[in-house]
Amino acid sequence: TGAEGLLALVNEHGSSFNHIHVSAAWSTATRAQFGVPGSSGRARQELAQKLQALALANMAAMGAREVATVLHSAAKLHLLGWRPARELVEGLMLRATATA
């Protein structure tokens with residue numbers, strides 16, 4: 001459940017995710033709320049790293065909806081101030097400008 005369940009899904013199928021799957025995974029992470037009891041800090045950190053890598057890998061295909069979903073999810077998960085997320089946020093902002 002929580003971060004561990006989503007992490008297992010990302011580990012198993014993430015390599016075949018497209019931009020829509022990536023957006024949905026970010027949205028699911030928000031609903032799972034990384035901080036639910038039973039979710040380890042290690043799983044939350046690993047999930048954040050994997051979701052970021054997937055978003056970066058699929059960014060060129062993202063439209064405005066996917067960009068907005070990932071940015072909103074990152075904000076709700078309090079990742080925007082996380083130093084490793086800087087590249088993600090900058091890339092999403094550039095992509096948002098390109099899709100406008």
Side-chain angles (χ1 to χ4, degrees):
T1 64
E4 287 89 357
L6 184 54
L7 179 57
L9 181 74
V10 168
N11 282 335
E12 186 173 343
H13 301 287
S15 62
S16 63
F17 280 11
N18 64 25
H19 62 289
I20 296 169
H21 296 125
V22 170
S23 174
W26 275 92
S27 182
T28 301
T30 303
R31 287 193 305 277
Q33 295 183 8
F34 282 12
V36 297
S39 288
S40 73
R42 180 206 57 78
R44 291 190 303 269
Q45 174 99 9
E46 186 178 348
L47 180 58
Q49 291 169 342
K50 289 189 182 254
L51 288 177
Q52 177 176 329
L54 287 169
L56 289 168
N58 286 277
M59 195 170 298
M62 287 185 181
R65 178 176 292 174
E66 293 83 24
V67 169
T69 298
V70 173
L71 274 173
H72 180 257
S73 297
K76 288 203 58 138
L77 294 168
H78 306 286
L79 297 178
L80 295 185
W82 183 47
R83 181 175 293 269
R86 183 174 293 157
E87 180 185 4
L88 173 67
V89 173
E90 289 173 359
L92 288 169
M93 295 305 290
L94 288 171
R95 186 69 189 142
T97 303
T99 62

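In what follows, residues are counted from 1 in the order of the sequence shown.
- Checking side-chain atoms of Glu90 against main-chain N and O of Glu87 turns up no donor-acceptor pair under 3.5 Å.
- Not one N or O on the side chain of Trp26 forms a donor-acceptor pair closer than 3.5 Å with the backbone of Ala74.
- Proximity of Glu66 to Val22: side-chain heavy atoms (C-beta onward) are nowhere separated by under 4.5 Å.
- For the ring pair (Phe, Tyr, Trp, His ring centres under 6.0 Å) condition, no pair includes a residue of residues 60-100, sequence neighbours left out.
- With sequence neighbours excluded, the residues satisfying side-chain hydrogen bond (donor to acceptor under 3.5 Å, both in side chains) with Glu46 are Arg42.
- Every residue meeting the side chain to side chain contact (heavy atoms under 4.5 Å, CB included) condition with Arg65, not counting sequence neighbours, appears here in chain and number order: Thr69.
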What do the steps show when you test Leu71 against Met93 for side-chain contact (heavy atoms from CB on, under 4.5 Å), and what is the final call? CA-CA 9 Å; Leu71 274 173; Met93 295 305 290; 3.8 Å; yes
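- Annotation: side-chain hydrogen bond (donor to acceptor under 3.5 Å, both in side chains) contacts of His21 (sequence neighbours excluded): Asn18.
- Going from atom OG of Ser23 over to atom CG of Leu51 covers 11.0 Å, rounded to the nearest 0.5 Å.
- In this structure Thr99 satisfies the side-chain hydrogen bond (donor to acceptor under 3.5 Å, both in side chains) test with no other residue, sequence neighbours excluded.
- Here the rule is side chain to side chain contact (heavy atoms under 4.5 Å, CB included) with Leu47, and of Leu9, Leu77, Val10 only Val10 fits it.
- Closest of all the heavy-atom pairs between Leu6 and Ala25 is CD2-O, 3.6 Å.
- Every residue meeting the side-chain hydrogen bond (donor to acceptor under 3.5 Å, both in side chains) condition with Lys50, not counting sequence neighbours, appears here in chain and number order: Asn11.
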Sequence neighbours left out, cut at 3.5 Å: what donor-acceptor pairs do the side chains of residues 52-62 make with other protein atoms?
from, atom 1, to, atom 2, distance (Å)
Gln52, NE2, Pro84, O, 2.7
Asn58, ND2, Leu54, O, 2.9

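- Here the CD atom belonging to Gln49 is positioned 10.0 Å from the CG atom belonging to Leu7, to the nearest 0.5 angstrom.
- Considering only residues two or more places apart in sequence or on other chains, Leu94 meets the side chain to side chain contact (heavy atoms under 4.5 Å, CB included) condition with none of them.
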